[in-house]
Every structure is written in C-alpha cells, then in structure tokens.
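Read through the structure below, which is laid out as structure tokens, and then see the notes.
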Amino acid sequence: MKKLLLILVVSITVNQVINAKVSKAEKMALIDLYESTNGTSWLKPWYIDQPVSEWYGVKVEGNHVVEINLFRNNLSGPIPESVGNLNHLRILNLAFNTLSGELPGTITQLQSLEVLKIEMNRFKGNLPDEIGNMENLLELTAFNNFFSGTIPNSIGNIAKLRVLNLSSNNFVGHIPDSIGNLTRLESLGLFENTLEGDIPRNLGQLVLLKELVLANNQLGGEIPAEFGQLASLKVLQIQNNKFNSYKNLELMDTREFLVFDYDKGDVKLDFKDVNFSKTRMADTKFEDENENE
C-alpha cells in the first residue's frame, strides 16, 4: 500500500513538473499562434490539453520554448503580435505554409532568435524597420512572399548573419549599403525584386560570401571592381538587370564558380579560365522543399 502511494505521489509530482514547463505568457503566445493560423486545419495539430513539450514542432528547454518548427504544416492567416512574448525562442520555422498579413513588429523583440524561416508564404507589407535589433540572427529567409517597400537599412546591424534570402518579393529602391557590414554572410539572395541603382561597392567586403544572387532586378551602373575581393564565391547570378558595364567581372577568379550567369550578349570579357562545364542554375526558391521529409 505504501509503495502504491509512493508511486502515486511521484506520478503526480512528475505530471506537475511537466505541466509547469513554460510560463503562462509563453503558453498563451503559442495558443494565439494556433488559433490565428487555423490550427484545427494543420496537418499535425496541437493538442493543447497536453503539456507544451509534447506539442508538434515545439521544443522546450529550461522551462522555456526555444524552437517552433511548423514547416509545411498548412498554417494560414497572420502571425499574432503575442509572438514577441516568446523571448527565449532560438528557431522559428514557419516556411512553406500560406501565412498572410504583415509580419508583426513584435517579432523583432525576439532577441535570442538565431533562425527565422518564413519563406514560401503570402506575407505582405514592409519588413519591420527594427529588424536590425535581432542581433543574434544567423539565418533569415523570406523568399517567395509579397513583401514590399525598401529593405530596412538596419538589416546591416545583424552582424552574425550568415544567410539572407529576400528573393522573389516586391522590394524596391537601392540595396542598402549597410549589407556590406555583414562580414560573416555566406549567402545573399535578392533575386526577382525591383531593386535599382548601383550595387554597393562595399559588398566586396563580404569575403566569406559563397552565393550572390541579384538577378531579375533593375540594377544599373557597372559591376563594382571590389567584386574581385570575393574569393570564396561559388555562385554569381546577375542576369536580367540594366548594367552598363561588365568589365570588372574580369577581376574575379571565376575558375571555381559552380554557377555564373550574366547578360553576355555581345560582351567580350577575358575571364580567368572559367570552367563553364561546372555551371548549373541555382534554385534558391525551393531550397527547403525536402526539409523534414
């Protein structure tokens, strides 16, 4: 009898600990997300009577929600403002759904966030001006949405950023000079927007950059001579723009390029033994398609 009572007490205690994993504010933020994005129609719904740690795609550490991964889970509707209460979140992956509306400004309060993946949705409006406050971001992918306006200058404050992909949106204006401050950047995708003006020369400071995709915009002027400093580059796509000179491409070491696309036309350039047999078309739009499968 005593043994049975002990087991019962231990069971109750363990259950209480499990259910006390996250704060009320964090749990309510998750419930808001569930209700705002039509959770009952998700492919893998949450059973909110169960402990948060058992909800699909949610990871809890140290009594806090640190990861939400709802990749391709049939979410629809807007992200609620209360997402900003998940201030211990490190990974937020909502890619390949049908989320809509504007990205809430409160998302920039997620100071611990390292990965923000919102590609292949239906978001519109501007990126928040305060996005530069997310100083721990390593990866920001928002391609294939309907974002508009200019790319916020503050994006250059995210010094740890390694991947930035804003391709296939409706961004206008110039590429911010501040992107040249992102010296840890390895991949930059701005493909298929309506960006104009010269390419900032300080993009030549991105010496770790492996992939640079600027195709299908309205960019003009000449290719910066500073591109010759991009020694790590493997993918360069700049076709379908309005450049008036490609001469500085000769300063680049194209021998190890895997992808190299520009508007060749009648341009005659003296490349450094580019091996065109290695070239292929980069597909930045669907890079996550097989994730979680």
Side-chain angles (χ1 to χ4, degrees), residues 20-39 42 45-46 48 51-53 55-71 73 75-143 145-166 169 171 178 182:
K21 279 286 186 183
V22 300
S23 68
K24 183 177 180 180
E26 288 187 60
K27 184 172 182 179
M28 285 307 303
L30 292 176
I31 292 174
D32 285 349
L33 177 64
Y34 183 78
E35 293 178 346
S36 181
T37 60
N38 200 19
W42 291 3
W46 288 342
I48 56 179
V52 171
S53 58
W55 295 4
Y56 171 75
V58 176
K59 185 175 182 180
V60 175
E61 289 180 1
N63 301 331
H64 295 292
V65 178
V66 297
E67 179 176 343
I68 301 173
N69 188 343
L70 297 173
F71 175 88
N73 199 36
L75 280 68
S76 60
I79 297 177
E81 295 279 340
S82 56
V83 71
N85 293 332
L86 298 168
N87 51 18
H88 294 270
L89 203 59
R90 296 197 299 265
I91 297 174
L92 179 58
N93 186 350
L94 303 176
F96 284 74
N97 286 290
T98 54
L99 294 167
S100 57
E102 297 190 10
L103 201 63
T106 54
I107 204 165
T108 64
Q109 298 172 17
L110 303 180
Q111 300 289 307
S112 299
L113 203 64
E114 298 175 359
V115 176
L116 176 58
K117 299 176 70 63
I118 51 174
E119 64 265 27
M120 297 299 295
N121 280 289
R122 298 176 182 174
F123 291 114
K124 64 179 182 178
N126 296 353
L127 285 181
D129 286 336
E130 299 79 16
I131 199 162
N133 294 342
M134 305 174 77
E135 58 184 22
N136 286 305
L137 268 185
L138 304 175
E139 183 173 352
L140 170 56
T141 52
F143 57 86
N145 279 286
F146 298 95
F147 286 115
S148 57
T150 58
I151 299 172
N153 217 31
S154 70
I155 209 160
N157 297 336
I158 313 175
K160 298 179 182 178
L161 204 59
R162 296 175 187 167
V163 176
L164 175 61
N165 195 332
L166 304 178
N169 280 287
F171 289 112
S178 63
L182 304 177

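Since we're looking at a predicted model, the values are computed, not measured. Values reported hereafter were calculated over all heavy atoms of this structure, with side chains retained and with hydrogens, waters and symmetry mates removed. All residue numbers in this chain count up from 1 along the given sequence.
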If we only count heavy atoms from C-beta on, is the Ile91 to Asn69 side-chain gap below 4.5 Å? no
Below 4.5 Å, heavy atoms only, C-beta onward: do Trp55 and Ile48 meet side chain to side chain? yes
Calculate, to the nearest 0.5 Å, the distance between atoms OG and CD1 belonging to Ser100 and Ile79 respectively. 9.5 Å
Using side chain to side chain contact (heavy atoms under 4.5 Å, CB included) as the criterion, point out the one residue from Asn63, Val58, Val60 that pairs with Ser53. Val60
Donor-acceptor under 3.5 Å (Glu26 side chain, Val65 main chain): yes
Any side-chain heavy atom of Leu33 within less than 4.5 Å of one from Val83? no
Leu92 versus Leu86: any side-chain heavy-atom pair under 4.5 Å? no
Ignoring hydrogens and geometry, is there a side-chain-to-backbone donor-acceptor pair from Asn169 to Ala142 under 3.5 Å? yes
Ile68 side, atom CD1; Lys59 side, atom NZ - distance, nearest 0.5 Å: 13.5 Å
Would you say the side-chain atoms of Trp42 pair up with the backbone N or O of Thr37, donor to acceptor, closer than 3.5 Å? yes
Can you tell me if Asn136 uses its side chain to pair, donor with acceptor, with the backbone of Gln111 under 3.5 Å? yes
So, Thr98 side chain and Leu75 main chain: donor-acceptor pair closer than 3.5 Å or not? yes
Just by modelled atom types, is the Arg122 backbone N or O under 3.5 Å from a matching donor or acceptor in the Asn145 side chain? yes
Please tell me if the side chains of Met120 and Phe143 come closer than 4.5 Å, counting only heavy atoms from C-beta onward. yes
Does any part of the side chain of Leu99, heavy atoms only, come nearer than 4.5 Å to the side chain of Pro78, both counted from C-beta? no
Sub-4.5 Å side-chain heavy-atom contact between Leu30 and Val22: no
Keeping Asn97 on the side-chain end and Ala95 on the backbone end, is there a donor-acceptor pair under 3.5 Å? yes
Side chain to side chain contact (heavy atoms under 4.5 Å, CB included) for Asn85 and Asp32? Distances and angles first, verdict last. CA-CA 11 Å; Asn85 293 332; Asp32 285 349; over 6 Å; no
From Asn87 atom CG to Leu110 atom CG, the distance as rounded to the nearest 0.5 Å: 7.5 Å
Rounded at 0.5 Å granularity, tell me how far CG in Asn157 sits from CG in Leu137. 12.0 Å
Using 30° and 60° as the class boundaries, would you call the ring planes of His64 and His88 parallel, tilted or perpendicular? parallel
Is a side-chain N or O of Ser154 found less than 3.5 angstrom from the main chain of Asp129, in a donor-acceptor match? yes
Does any non-hydrogen side-chain atom of Ile31 lie less than 4.5 Å from one of Trp46? no
Say you draw a straight line from OG1 of Thr141 to NZ of Lys117; how long is it, rounded to the nearest 0.5 Å? 3.5 Å
